[in-house]
Amino acid sequence: MTTKVRFAPSPTGYLHVGGARTALFNWLFAKNTGGKFLLRIEDTDKERSTEEAIEAILASLSWLGLDWDEGPFYQTERLDIYQKEAQKLVEAGCAYECYCAPVELEKRRQEALSSGGTPRYDRRCHDLSSKEASAYQARGLKPCIRFYSEDKGETIVEDLVRGRVVFENAELDDLIIMRPDGLPTYNFAAVVDDLDMGMTHVIRGEDHLPNTPRQIQIYKAMEAKPPSFAHLSMILGEDKAPLSKRHGAASVEVFRDQGYLSDALINFLALLGWAFDDKTTLFSREELKTHFGLDKVTKSPAVFDTAKLDWMNGQYIRDLSDAELAEKLLPFWQGAQLLPAEKINGEMREKLTFLASICRERLIKLSDIIGLTDFFFKDVDFDERAVNKVLKKDGAKESLEAVAAKLKSIDKWSHQVIDEELRALAEEREIKPGKLFQPIRVAISGRTVSPPLFESLEALGKETSLARIEKAKTLTVS
RNA sequence: GCCCCCAUCGUCUAGAGGCCUAGGACACUGCCCUUUCAAGGCGGCGGCGCGGAUUCGAAUUCCGCUGGGGGCACCA
């Protein structure tokens, strides 16, 4: 039997990393088993669903490289199917119309709660006579449809990650499956769709575990065999509370905008609740596909550790070629207004690739490139502390003068030659290389920390380098 | 209040009764390399929530407790 799984987000916001992890596990499961992965948009909540959210979710999935074989399907385009199935259930005596008003239900719920009881629908509309029903209708009321749930025995969920979970049917009450306006509710729409779309496995968040016995009952009422279920544990923030916006980044697009690589995020997410063995942490997509299995999925919730993601992102950045890295860096330079589109030509690309090569080991996120290389694109912005610590020291002026003279004499402006010449100069003047180099660094970058000095001088060019050293001399003391 | 899930270093995890003196990775930390910062190399620190039971033997099985999380909607 070929497997079929789905990712079914409700478009009420951006793609959350928890949702991304769910999508990833489904996708990996499909790839691993040679099955199909489909996308379904659960937009039956008209109040909260938005077009922007749909676009954001699709964009994030595409960026992550989680491609789907079928869909996206939209539940709001399938309303006739739910209505038909609901009607069948009513005719079979498995569901019934209910005229109870939402405010009334909420009142009864609060009463039950405050008196220490469990809120359950009391089924008062189940045995409505046709006379009573028409009385409601005469008042202009439209009924919703409730599922008549089993109240004896137990419903067992054989969960692929959690094992056997038993629920007492007496705990479950008659849930609403269709609203008066003809829109289905989640538990019903999900069952109808999973059945209709041929899902063999339902892999979703642990928050859906309590829904599962209800859904299994609906499958039974529809005389259908439920799919296999697998419930993934939650992803928490560093404070162990469910991950949300207040933990900083929780949506996939924020990670993208901060300069995380999708390969790194995928690798990191895969390891949140899954492990292949006792030592492998870096996995290519292909390796993930071949190794992934539900049997190795962890039961306990996982804390999202940004520090580890950062490390992993650095690993992936270091794996890129100079040209690939430069290409990925381009939008960040442009976003920071450092690089006007009209200046991008062959020569500039060569320079960018060189900058990428000298900065690669210093990048955790792609956005780090801005602070690291802005001085190549615009005038030096002197850091006061750097000036005080380095330029305003005895000997700085003399060093810069000697360096300037030496650099002026260089014809072949390359970092190898600059390296040789400046080291020779340090030897001549009998000072430690670092002592000679640091003023140059501050002169050309304005800071005490920069990409490698000789390479930076090369990238800056002879003329600019000399001009900056000249200017820096005015900041020294003599 | 009721139902359900979970529990190994700070974090992600390996571990399916003796291979455990509990392994790896991130973080932290020491040293080395070094023109700054990184990156890299070699070390170190650090854990089975508690209490019972089963067993010759338990991180691993069972029970209780505690702690964390989820759910109890005309939201998904």
Side-chain angles (χ1 to χ4, degrees), chain A residues 8-12 42-45 47-49 75 98 100-102 105-106 109 112-120 144-146 157 159 162 165-168 170-173 175-181 183-187 189-190 204-213 231 233-234 236 238 240-242 268 271-282 296 298-312 314 318 359-364 368 372 386 390 419 422-423 426 432-438 440-442 445 447-454 456:
Chain A
S10 63
T12 55
E42 308 212 324
D43 54 354
T44 59
D45 183 347
E47 249 82 88
R48 299 198 300 150
S49 299
Q75 291 188 321
C98 170
C100 294
L105 290 168
E106 183 56 29
R109 201 171 8 251
L113 241 26
S114 59
S115 64
T118 302
R120 298 180 86 247
C144 63
I145 296 175
R146 279 186 187 271
V157 179
D159 192 281
R162 266 146 237 285
V165 184
V166 182
F167 294 86
E168 291 295 329
E171 296 292 335
L172 279 23
D173 66 348
L175 72 157
I176 289 167
I177 57 175
M178 291 293 284
R179 302 177 173 100
D181 62 3
L183 283 164
T185 58
Y186 166 72
N187 281 109
R204 72 217 318 188
E206 192 191 4
D207 46 332
H208 287 293
L209 189 53
N211 288 323
T212 311
H231 289 93
S233 55
M234 309 270 85
L236 313 175
E238 335 258 317
K240 305 243 182 161
F268 177 73
L271 259 24
L272 240 38
W274 174 82
F276 170 60
D277 60 13
D278 60 341
K279 38 187 64 104
T280 319
T281 44
L282 262 16
K296 285 185 172 291
T298 309
K299 290 192 269 217
S300 49
V303 173
F304 191 98
D305 181 10
T306 308
K308 187 158 183 172
L309 205 216
D310 283 349
W311 167 79
M312 206 171 265
R318 265 158 249 139
C359 292
R360 176 173 25 231
E361 282 164 10
R362 275 150 268 259
L363 297 175
I364 288 175
D368 295 338
L372 225 41
V390 179
D419 186 335
L422 291 182
R423 278 183 202 284
K432 282 208 268 191
K435 186 89 178 153
L436 179 71
F437 301 158
Q438 205 58 354
I440 310 175
R441 189 186 310 283
V442 176
S445 73
R447 297 186 287 257
T448 52
V449 173
S450 80
L453 186 60
F454 313 126
S456 296

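Naming: A, B, ... by sequence-line order, numbering from 1 per chain.
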Sugar-phosphate, base or nothing in reach of A:Pro242, heavy atoms under 4.0 Å: sugar-phosphate
Between B:C50 and B:C9 - P atom distance, rounded Å: 10 Å
Rounded distance (Å) that lies between atom P of B:U35 and atom NZ of A:Lys435: 16 Å
Out of B:G69, B:A25, B:C74, whichever nucleotide has its closest atom nearest the side chain of A:Pro102: B:C74
Short side-chain N/O contact to B:G69 OP1/OP2 from A:Arg162, under 4.0 Å: no
Side chain to side chain contact (heavy atoms under 4.5 Å, CB included) evaluation trace for A:Arg318 with A:Glu361: CA-CA 6 Å; A:Arg318 265 158 249 139; A:Glu361 282 164 10; 4.2 Å; yes
Span that lies between the P atom of B:G1 and that of B:A59, in whole angstrom: 35 Å
Minimal non-hydrogen separation, A:Leu372 against A:Arg362, with atom names: CD2-CB, 3.6 Å
Sugar-phosphate only, base, or nothing, as touched by A:Gly205 at under 4.0 Å among non-hydrogen atoms: nothing
Closest listed nucleotide, where the reference is the side chain of A:Asp45 and the choices are B:A76, B:G23, B:G1: B:A76
A:Ser49 OG to A:Gln75 CD distance, which is reported to the nearest 0.5 Å: 9.5 Å
Options B:U36, B:G1, B:U11, nucleotide nearest the side-chain atoms of A:Pro119: B:G1
Of the listed nucleotides B:C74, B:A76, B:U36, the one nearest the side chain of A:Arg362: B:U36
Side chain of A:Thr185 (C-beta onward), nearest among B:U13, B:A76, B:G71: B:A76
Nearest-neighbour nucleotide for the A:Ser300 side chain, B:A14, B:U8, B:A76 considered: B:U8
Nucleotide nearest A:Glu361 when distance is taken to its side chain, options B:C12, B:A39, B:C2: B:A39
Nucleotide paired to B:A25 in any strand shown, Watson-Crick or G-U, under 3.5 Å: B:U11
P spacing across the pair B:A22 / B:U29, given as an integer number of angstrom: 26 Å
Gap in Å between the two P atoms, one belonging to B:G23 and one to B:C45, rounded: 11 Å
Length of the CG-C1' vector between A:Asp278 and B:G23, whole Å: 6 Å
CD1 on A:Ile440 to CG on A:Leu422, rounded to 0.5 Å: 5.0 Å
Closest nucleotide among B:C12, B:A76, B:C74 to the A:Leu271 side chain: B:C12
side-chain N/O A:Arg109 vs B:A73 OP1/OP2, d < 4.0 Å: yes
Name of the residue among A:Arg204, A:Arg162, A:His208 meeting side-chain hydrogen bond (donor to acceptor under 3.5 Å, both in side chains) with A:His231: A:Arg204
Sugar-phosphate only, base, or nothing, as touched by A:His231 at under 4.0 Å among non-hydrogen atoms: nothing
Sugar-phosphate, base or nothing in reach of A:Arg318, heavy atoms under 4.0 Å: sugar-phosphate
Among B:G15, B:C2, B:A76, the nucleotide that comes nearest once only the side chain of A:Glu171 is considered: B:C2
Inter-nucleotide P distance (B:C63, B:G47), Å rounded: 29 Å
Sugar-phosphate, base or nothing in reach of A:Val442, heavy atoms under 4.0 Å: nothing
Who pairs with B:C2 - Watson-Crick or G-U, where each distance is under 3.5 Å: B:G71
Any A:Lys240 side-chain N or O less than 4.0 Å from OP1/OP2 of B:U11: yes
Sugar-phosphate, base or nothing in reach of A:Phe167, heavy atoms under 4.0 Å: sugar-phosphate
side-chain N/O A:Ser233 vs B:G69 OP1/OP2, d < 4.0 Å: no
Nearest-angstrom distance, P atom, B:C65 to B:C72: 25 Å
Sugar-phosphate only, base, or nothing, as touched by A:Asn211 at under 4.0 Å among non-hydrogen atoms: base
Rounded C1' spacing from B:U61 to B:U21 in Å: 24 Å
Residue matched to B:U55 through Watson-Crick or wobble contacts both under 3.5 angstrom: none
Residue mapping more 5' on RNA chain B - nearest nucleotide basis, A:Phe268 or A:Cys144: A:Phe268
Touch class at under 4.0 angstrom, heavy-atom based, for A:Thr44 against every strand present: sugar-phosphate
Rounded distance in Å between the C1' positions of B:G43 and B:U54: 42 Å
Sugar-phosphate, base or nothing in reach of A:Arg423, heavy atoms under 4.0 Å: base
A:Trp311, nearest nucleotide to its side chain (from B:C26, B:C12, B:G70): B:C26
Nucleotide B:C4, atom C1' - distance to CD of A:Glu206 in whole Å: 9 Å
Identified pairing partner of B:G49, criterion: Watson-Crick or G-U wobble below 3.5 Å: B:C65
Rounded distance in Å - NZ (A:Lys299) to C1' (B:G70): 16 Å
Base of B:C12 paired with side chain of A:Lys308 (donor-acceptor, under 3.5 Å): yes
Sugar-phosphate, base or nothing in reach of A:Pro301, heavy atoms under 4.0 Å: sugar-phosphate
